[in-house]
Structures are given as structure tokens and as C-alpha cells.
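In what follows, a single structure is set out as C-alpha cells and then discussed.
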Amino acid sequence: MTEADLKHINPKEILWASLNEILSDVNLSLKADDFPIQNTRKEFKGDLTLTLFKASKAVKLSPPELGQKIGEYLTKKFSEYFSEFEIVQGFLNISFSDDFRKRLLYEILQCENFGFVAVAENAPPVLLEYCSPNTNKPLHLGHLRNIFLGDAVSRILRACGKKVVTMNLVNDRGIHICKSMLMWMKDSRSKTPENTGIKGDFLVGDYYVQFDKLYKGQVEQLMAQGKNKEEAEQNAEAIREARELLRSWEKGDPTVLQDWKTMNKWVLDGFRQTLSRLNIAFDRWDFESNTYLEGKKAIEEGLQKNIFFRAPDGSVRVDLSSHGLDEKVLLRSDGTSVYITQDIGTALMRYRDYGNIEGMIYTVGNEQDYHFKVLFAILDKLGYSWASRCKHLSYGMVELPTGKMKSREGTVVDADDLLDEMFETAKEITTELGKTEGLSEEEKNELYEMIGQGALRYFILKVDPHKKIVFDPRESIDFNGHTGPFIQYTHARIRSVIRKSGYEKFDLPTDNTPMLNESEKHIINRLYSFPEILVECLQELNPAPLANHLYELSKEFNRFYHDHSILNEQNNALRHFRVCLTEACGRQIKKGMELLGIRVPERM
RNA sequence: GGCCUCGUAGUUCAAUGGAUAGAACGGAAGUUUCCUAAACUUUAAAUACAGGUUCGAUUCCUGUCGAGGCCA
């Protein structure tokens with residue numbers, strides 16, 4: 001990456017610098033940050049807008065008077081950047097000169113990775129955990145939101161110069177996997193993915209559903225015999241058998257361990273297959289079966305240092321009132337661990353492995369908000385300074401119209417099924433539109449996958465992670481309008497123009513380009529905003545602003561494409577300029593979509 | 001009961017405290033001798049409610065109602 005990649009020309013900063021100079025010239029006791037800067041709204045003439053209310057109060061001039069003064073100075077002293085201005089109410093709208101706009105465009109074209117920041121070699125890493133499945137069922141739509149978010153955030157972090165280690169923490173032990181194991185054993189261990197042709201994670205997931213049916217039936221029976229609900233749930237035979245299995249596992253019973261290994265492998269193979277289809281690879285996989293004992297040690301140490309205490313009932317607890325939280329149990333009275341026990345262990349192990357870290361990010365649903373507050377508070381109490389750099393990337397659940405998805409009741413949208421459906425829809429639409437001509441079978445399939453997945457990823461990533469998503473399986477995900485395929489289509493269209501243009505270099509323009517039109521101005525304004533959008537995504541750990549930016553850019557380009565001719569433009573200088581503008585859009589769409597984990601086609 | 005999220009057109013989403021609240025889908029009407037019509041243009045339609053802070057509130061604060069979640 002070159003120097004230019006690191007220092008982008010930034011109109012807002014230029015305006016601030018110019019303002020500061022002017023203010024010292026005229027002896028107004030104001031600073032540039034008394035003037036909030038925003039992009040000028042489309043209905044008004046101009047590119048950047050200064051809000052004058054705050055400053056005008058301070059210098060006892062009316063907003064229009066102050067605006068007039070500043071506007072005049074700016075356009076006079078910095079005429080190379082700012083050509084004219086207009087005051088509407090308390091707003092000073094400033095227009096760029098066409099020369100400045102063209103400079104912006106060529107600056108953007110000169111940077112191979114405009115908006116990106118090079119990664120410093122010795123930078124401490126950010127550890128980013130996402131996916132984190134249980135090994136008792138296949139990945140479903142909820143996991144997909146997690147995976148898409150985590151993947152996009154990892155790419156955005158890297159684009160912003162961070163070194164990232166992505167990790168998948170697999171919850172491969174516990175009662176849930178024992179439930180599936182139990183049913184498989186009852187089924188005389190006969191079925192395998194090989195002899196049934198069922199993908200391993202689905203096979204194990206089926207047993208999990210079967211367990212739930214059996215268990216529920218037993219609970220009902222017990223209740224019919226007069227037991228209350230809690231008693232029935234505790235004493236049903238199925239759950240007792242599953243618990244027994246868990247105890248045998250913890251004791252290290254070789255037969256149980258063997259079965260456990262067998263079934264886990266089936267599920268993990270299934271996961272790897274789905275993840276590979278999604279083009280997701282983790283830098284590191286952790287398994288809770290390897291880390292869960294680690295937490296207990298940390299608790300013992302904390303107990304010795306009096307950070308934790310033993311309650312009268314024998315459990316180990318921590319008082320978090322110093323952090324505005326309650327008391328929390330860390331080890332049960334019988335010495336067994338709770339969820340947070342192993343999370344503490346995992347965090348400490350990671351810290352040991354990576355030493356100096358920039359931060360740790362956990363991509364986990366918002367039902368765990370409280371859990372992570374507690375975890376970070378405990379790490380802080382244990383005296384780890386990096387606790388303050390731990391973040392919970394929290395996101396809303398994906399729900400069906402009927403409510404929450406529940407694996408054990410079979411009311412889930414499986415990731416594999418959804419991906420297949422998206423593929424089929426993409427195939428159907430593409431074929432209908434007759435866009436498959438000249439493509440080999442392999443190329444066609446690659447295209448359908450790209451479009452289907454693009455639609456799905458975009459559908460999820462354009463939404464603010466805080467919000468829950470309601471997914472209605474009866475309504476298919478759109479391929480028109482504010483969607484991934486719309487942006488992919490725009491890219492394909494751009495590539496087509498560029499191919500036909502014959503251009504390979506996009507160098508500096510001749511000076512005599514005619515005046516730019518509104519579309520061209522708007523596009524350039526979008527393009528140069530890219531770096532600040534990335535910064536926003538980084539700060540919020542939220543890919544949605546980028547998704548929306550790329551849509552706006554595509555929309556603006558399509559409008560331009562419709563209203564103005566690029567290759568048929570008669571004026572040479574203008575045609576050159578437009579081809580360059582088109583190229584810049586294409587590159588930004590491609591790079592930006594890549595950050596969302598969405599590939600864009602050369603034609604579609 | 002305590003705490004946390006979220007409430008914007010019929011639906012799905014936008015809007016660093018700023019201007020006339022933007023889009024998309026769906027509805028209505030239109031655009032193809034021209035660079036890809038998965039496109040473009042026009043049109044009807046929304047800030048849950050009540051207060052407060054502010055020159056200015058969808059955004060911040062308080063309360064009410066509603067949806068979801070966590071803790072006990």
C-alpha cells in the first residue's frame with residue numbers, strides 16, 4: 001500500500017483548516033468546531049453545510065450575517081476549493097469548484113485501496129470471536145446472522161488497519177450433546193451419515209429433536225400421575241439418563257467418550273461444509289471440552305486473593321456491586337462450573353496465548369447482554385487491564401412470524417436449506433432474464449451462488465445489529481430494490497461499460513472538461529465519503545452504514561447512467577472523465593461489498 | 001418485581017441534535033431503434049402517547065402504553 005492510501009484528501013478537513021485560517025484573519029473568537037459540518041441535503045445547492053446557530057450566538061451576529069462573511073472569505077481566499085455559497089436560514093451551503101471535484105476523483109482513482117489503512121506489522125491483535133455453535137444441531141438462520149456480522153466486522157477491522165485473529169469457540173460438551181447421544185444409542189448406534197446419506201449435523205440434530213419429543217411425553221405422563229411440573233421435569237427418565245451420560249463423560253468413561261467423539265465429528269464435518277460454502281475460515285478453533293477446566297483454576301486463585309468469597313451454602317460467588325451489578329455465582333456448591341466459569345477460563349487462555357492484545361470482541365446474541373457485563377466486570381476485578389478493551393458485539397435475534405426459533409422443536413430455518421433456496425431463486429431469476437448466455441455450467445453455478453448469497457447477506461447486514469429481524473419464510477428475500485443483487489447488478493453494468501471503453505489506465509484528466517452535472521457531483525460526494533463511513537462502521541462495530549452507503553452509491557450511479565451517456569459522449573474530455581467516474585464507482589462497490597463478505601460478478 | 005433492547009408509511013429498512021423525515025417492496029401510472037430494464041421516472045402513504053431540555057428533538061431526559069430479552 002502506498003502513502004496515498006493512508007492520507008486521503010478530505011474535503012471536510014480542508015474546510016475546517018480553511019475556516020481556522022479565516023477566523024484568525026478576522027479576529028473572531030471562534031474555533032472551527034463551533035461550526036458543525038454536514039453534507040448538504042440534496043434539495044439545496046451545495047456540497048458541505050456549516051450550521052451557524054451556535055457560532056452566531058457567540059459573536060452576536062445574526063446567522064445570515066455571519067454566514068455571508070464566512071462565505072465571502074472562503075470563496076475568495078480558497079477559491080481553488082470553494083466556488084460559491086448560499087445561505088438558507090441558519091445554514092451556509094458551500095459548493096466545491098469543479099476543479100476540486102475532479103481532484104477528488106483522481107485522488108480516489110490513484111489509491112488502489114482508497115479508504116483502507118495499512119496494517120502495522122507489529123500491531124497487537126484484536127481477537128474476534130464469532131459463530132460459536134453447539135455441536136448438537138446444524139447451523140440455522142440465527143447462526144448466519146452471527147457469522148455474517150462477525151465476518152463483515154473482521155474485514156472492516158482489517159480494512160481499518162487492525163490485525164485480527166478470528167476465532168470460533170465450539171461448545172462441544174454439556175447436557176445438550178448428551179441428549180443427542182442418548183437417542184442415538186437408543187437407536188442401537190446403527191445410523192451414520194454414511195449409511196443414511198444424511199449430513200452429520202442434521203443427523204445429530206434429528207436425534208436432538210427426538211429427545212425432546214420423548215422427554216416431553218414423559219413429563220406429561222408424570223404430570224398426569226399427579227406430579228407437579230417441576231418434579232416431572234426433573235424426574236423424567238430421559239433427562240436422568242442424559243445426566244447420567246454427562247457424568248460418565250466427565251469421569252472419562254471410554255465408551256461414552258468414543259461415542260461423543262464420533263458424533264461431534266459428524267457435526268463438525270457438517271459445520272465445515274457449510275462454512276466452506278460461506279467462504280468462512282477461522283484463524284483458530286477452540287473447544288470448550290479443552291478449556292472448561294481452566295476456569296475453575298482461575299476461580300480458586302480469585303478465592304485465595306479474596307476477590308471472590310465462599311457463601312454459607314458452599315458456592316463461590318463474587319460481589320459486583322462496585323460495578324453496579326449483583327452478586328454472581330461462579331462455582332455451584334457441589335463444585336461444578338457454570339457458564340461464566342468457563343468463559344473466564346477461555347478469556348484468560350486467550351490472553352496468555354496472545355499477550356498484548358488490542359481488544360477482544362465477542363459476537364453473541366443480545367440475550368447474553370447481562371452475561372457479558374458480568375464477565376467483563378469479573379475480569380476487571382481480577383485486575384486485568386484489558387478487561388476494558390473487551391466488547392460484546394451484541395445483535396438481535398432472528399425470529400419467525402410465529403416467534404423465536406427453537407431447534408429442539410424443529411421450528412428453525414436451517415442454514416443449508418436457506419442457502420439452497422437462495423441459490424434456486426437466483427437461478428430461476430437469472431434464467432428467466434436470459435442472462436446465462438455464454439456461461440459454462442460451472443460459471444453459471446458460481447454466479448447463482450454469488451447472487452443468492454449476496455441477497456441473503458445483504459438482507460441481514462443492512463439492518464442495525466441492535467434490532468431484531470423477523471424473517472418470514474413464506475415471503476422470499478427480494479432481488480430487486482434495496483438489495484444485494486441490485487448492487488451486484490450495478491457492478492456488472494459498470495464492468496460492462498469499462499470493458500467496452502477499452503480503458504485500462506485511469507489517469508489524470510485534461511483540464512477542459514465541461515461543467516459537471518448534478519449526478520456527477522453527487523457521485524463524487526458519495527465516493528469521497530467512503531473512508532469516514534468505514535470509520536463509523538469501525539467505531540460502532542456495525543457494517544450497516546457501509547451496506548447503506550453502497551446502495552446509495554449504486555442508486556446514484558444508475559441514475560447517472562440512465563440520464564447521461566458515457567461511451568457515446570462526443571466531448572473527449574468529458575467522456576474520459578465519465579469513464580473514470582464509472583471506474584471509481586465500480587472499484588468502490590467491489591471493495592465495499594468485499595468488506596461485507598459479498599462477491600460481485602463481472603456480468604449478470 | 002428489578003434491569004436491558006426496541007417502537008418510523010400496509011410491510012422491510014434509513015436519518016453524527018439540524019433544513020420539506022429518506023429508500024425499497026407492495027399499490028397506481030409511465031420509460032427500451034442508445035453503454036446490461038435485476039434499471040430509470042412520476043404518484044399516494046409514517047416518527048406509539050404525554051410532558052421536559054433546546055434557536056431546533058425521530059434522535060437527549062422523565063412518565064405511560066406496546067414487543068422482546070435477561071436476572072431472581
Side-chain angles (χ1 to χ4, degrees), chain A residues 12 36-44 46 49-54 56-57 62-63 87-91 93 324-329 365-374 394-397 399 401 403-404 426 429-430 432-435 437 451 454-455 458-472 475-501 532-533 535-536 539-540 544-545 547-549 551-552 554-555 557-569 575 578-579 582 601-604:
Chain A
K12 286 185 186 169
I37 298 181
Q38 57 186 318
N39 297 322
T40 303
R41 296 186 62 122
K42 246 186 182 169
E43 313 88 85
F44 301 97
T49 295
L50 292 180
T51 311
L52 301 165
F53 300 104
K54 195 177 166 193
S56 84
K57 234 187 217 171
S62 74
I87 295 157
V88 184
Q89 296 171 33
F91 302 92
N93 298 331
L325 301 166
D326 298 330
E327 218 173 85
K328 175 77 187 171
V329 175
N366 64 7
E367 54 195 354
Q368 308 273 7
D369 283 358
Y370 184 75
H371 175 83
F372 281 101
K373 269 191 204 165
V374 169
S394 166
Y395 62 90
M397 295 286 106
E399 293 177 11
K404 216 179 156 182
I429 295 175
T430 309
E432 250 174 54
L433 291 170
K435 303 226 171 164
E437 213 177 313
I451 296 171
Y458 194 87
F459 173 82
I460 286 175
L461 288 177
K462 75 171 176 182
V463 182
D464 185 322
H466 287 108
K467 300 191 179 181
K468 70 171 182 193
I469 290 181
V470 178
F471 176 79
D472 190 342
E475 286 178 34
S476 52
I477 292 172
D478 268 316
F479 283 65
N480 295 325
H482 187 178
T483 65
F486 170 89
I487 300 171
Q488 290 173 316
Y489 171 76
T490 308
H491 181 263
R493 188 181 233 189
I494 285 171
R495 293 303 303 153
S496 169
V497 172
I498 296 299
R499 277 193 302 272
K500 288 194 174 149
S501 77
E532 60 192 73
I533 300 279
V535 170
E536 190 189 340
Q539 283 166 349
E540 306 293 323
N548 288 308
H549 167 82
Y551 171 69
E552 297 295 343
S554 301
K555 182 129 187 81
F557 178 83
N558 279 324
R559 192 172 295 147
F560 162 72
Y561 177 92
H562 182 268
D563 293 344
H564 307 281
S565 190
I566 300 166
L567 300 179
N568 297 330
E569 169 56 45
R575 186 174 62 245
R578 285 183 177 166
V579 171
T582 302
E602 284 292 305
R603 55 192 91 208
M604 73 182 267

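Only heavy atoms go into these numbers, but all of them, side chains included; no hydrogens, no water, no symmetry mates. To find a chain, count down the sequence lines: A is the first, B the second, and so on, and within it residues start at 1.
Distance check, rounded to the nearest 0.5 Å: CD of A:E367 to OH of A:Y395 gives 7.5 Å. Going from atom CD of A:Q368 over to atom CG of A:N366 covers 9.5 Å, rounded to the nearest 0.5 Å. A:E532 contributes atom CD, which lies 11.0 Å from atom CD of A:Q539 (distance to the nearest 0.5 angstrom). With rounding to the nearest 0.5 Å, the separation of CG in A:L325 from NZ in A:K373 is 7.0 Å. In this structure, CD1 in A:I566 is found 8.0 Å from CD1 in A:I494, a value given to the nearest 0.5 Å. Atom CZ in A:F91 sits 5.5 Å away from atom OG1 in A:T51 (nearest 0.5 Å).
When each of B:A19, B:A38, B:U36 is scored by its nearest atom to the side-chain atoms of A:L433, the top-ranked nucleotide is B:A38. In this structure, the nucleotide among B:C35, B:U36, B:A19 sitting nearest to the side chain of A:Q38 is B:A19. Closest contact between the side chain of A:L567 and the listed nucleotides B:C35, B:A21, B:A39 involves B:C35. Nearest nucleotide to the side chain of A:R559, out of B:C35, B:U41, B:A38: B:U41. Counting only heavy atoms from C-beta on, A:K462 has its side chain closest to B:C13 among B:A19, B:A38, B:C13. Nearest nucleotide to the A:I469 side chain, out of B:C13, B:C4, B:A21: B:C13. Listed candidates were B:A14, B:C4, B:C35. Nearest to the side chain of A:K373 is B:C4. Looking at the side chain of A:R493, the nearest of the listed nucleotides B:A14, B:U20, B:U36 is B:U36.
Put simply, CD1 on A:I37 is 12 Å from C1' on B:U16, counting in whole angstrom units. The nearest whole Å value for the distance from the NE2 atom in A:H562 to the C1' atom in B:C40 is 4 Å. As rounded to whole Å, 9 Å separates atom P of B:G18 from atom CZ of A:F91. Between the CG atom of A:L52 and the C1' atom of B:G56 there is a distance of 14 Å, rounded to whole Å. The distance from atom NZ of A:K42 to atom P of B:G22 is 12 Å, rounded to the nearest whole Å. Between the CG atom of A:D369 and the C1' atom of B:U5 there is a distance of 7 Å, given to the nearest Å. Nucleotide B:C13 holds its P atom 13 Å from the OH atom of A:Y458, rounded to whole Å. The NE2-P distance, from A:H564 to B:A39, rounds to 19 Å in whole Å.
Checking the phosphate oxygens (OP1, OP2) of B:U54, no side-chain nitrogen or oxygen of A:K54 falls inside 4.0 Å. Of the side-chain N and O atoms in A:K435, one or more sit less than 4.0 angstrom from OP1 or OP2 of B:A38.
Side-chain atoms of A:T49 come within donor-acceptor range of the base of B:A19, with a qualifying N/O pair under 3.5 Å. Evaluation of atom-type donor-acceptor distances gives no pair under 3.5 Å for the side chain of A:N39 against the base of B:A15.
Across the C1' atoms, B:U47 and B:U58 are found 5 Å apart, a figure rounded to whole Å. The separation of B:A19 from B:G27, taken at their C1' atoms, amounts to 31 Å, rounded to a whole angstrom. Nucleotides B:C13 and B:U8, compared at atom P, are 9 Å apart to the nearest Å. B:U41 and B:U59 have their C1' atoms separated by 33 Å, given to the nearest Å. Between the C1' atoms of B:C49 and B:A57, the separation comes to 16 Å (whole Å). Taking atom C1' on both nucleotides, B:A21 is separated from B:C3 by 32 Å, rounded to a whole Å. Comparing the P positions of B:G22 and B:U16 gives a spacing of 14 Å, expressed to the nearest Å. Taking atom P in both B:A46 and B:C70, the straight-line distance is 36 Å, to the nearest Å.
Between A:F471 and A:I460, every side-chain heavy-atom pair lies at or beyond the 4.5 Å cut-off.
Contacts of A:L325 with the nucleic acid, taken as non-hydrogen atoms under 4.0 Å apart, are absent. Within 4.0 Å of A:E602, counting heavy atoms only, lies at least one base atom of the nucleic acid. At the heavy-atom level, A:D464 lies under 4.0 Å from the strands shown only through sugar-phosphate atoms. If you check every strand for non-hydrogen atoms under 4.0 Å, A:T430 touches a base.
B:A37 is unpaired under the Watson-Crick or G-U wobble criterion, no partner having all donor-acceptor distances under 3.5 Å. Across the strands present, B:G27 finds its partner in B:U43; the criterion is a Watson-Crick or G-U wobble pair with both atom distances under 3.5 angstrom. Pairing for B:C13 is with B:G22, a Watson-Crick or G-U wobble pair whose two hydrogen-bonding atom distances lie under 3.5 Å. Nucleotide B:G2 has B:C70 as its partner under the Watson-Crick or G-U criteria, with both atom distances under 3.5 Å. The partner of B:G7 is B:C65, judged by Watson-Crick or G-U wobble contacts that both fall below 3.5 Å. Judged by Watson-Crick or G-U wobble contacts below 3.5 Å, the nucleotide B:U53 has no partner.
Comparing A:H466 and A:T490 along RNA chain B, the residue whose closest nucleotide (by nearest heavy atom) sits nearer the 5' end is A:H466.
Applying the side chain to side chain donor-acceptor pair (under 3.5 Å) criterion to A:D464, with sequence neighbours excluded, gives A:H466. Scored by the salt bridge (Lys or Arg N to Asp or Glu O under 4.0 Å) test, A:E536 finds no partners at all (sequence neighbours excluded). Taking A:R493 as the reference, nothing meets the salt bridge (Lys or Arg N to Asp or Glu O under 4.0 Å) condition, with sequence neighbours excluded. A search for salt bridge (Lys or Arg N to Asp or Glu O under 4.0 Å) contacts involving A:K500 returns nothing, not counting sequence neighbours.
For A:R575, the CZ atom sits in a packed shell: over 12 heavy atoms of surrounding residues, nucleotides or ligands are nearer than 6.0 Å.
At a cut-off of 3.5 Å, with distance as the only test, no side-chain donor of A:T483 or A:D478 sits close to an acceptor on the other residue.
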query: How does protein contact run along nucleotides 24-29 of chain B, one letter per nucleotide 5' to 3', with B for base contact, S for sugar-phosphate only, - for none, heavy atoms under 4.0 Å?
result: SS----
task: Would you give a per-nucleotide map of nucleotides 65-72 of chain B, 5' to 3', where B means the base has a protein non-hydrogen atom under 4.0 Å away, S means only the sugar-phosphate does, and - means neither?
output: --SSSS--
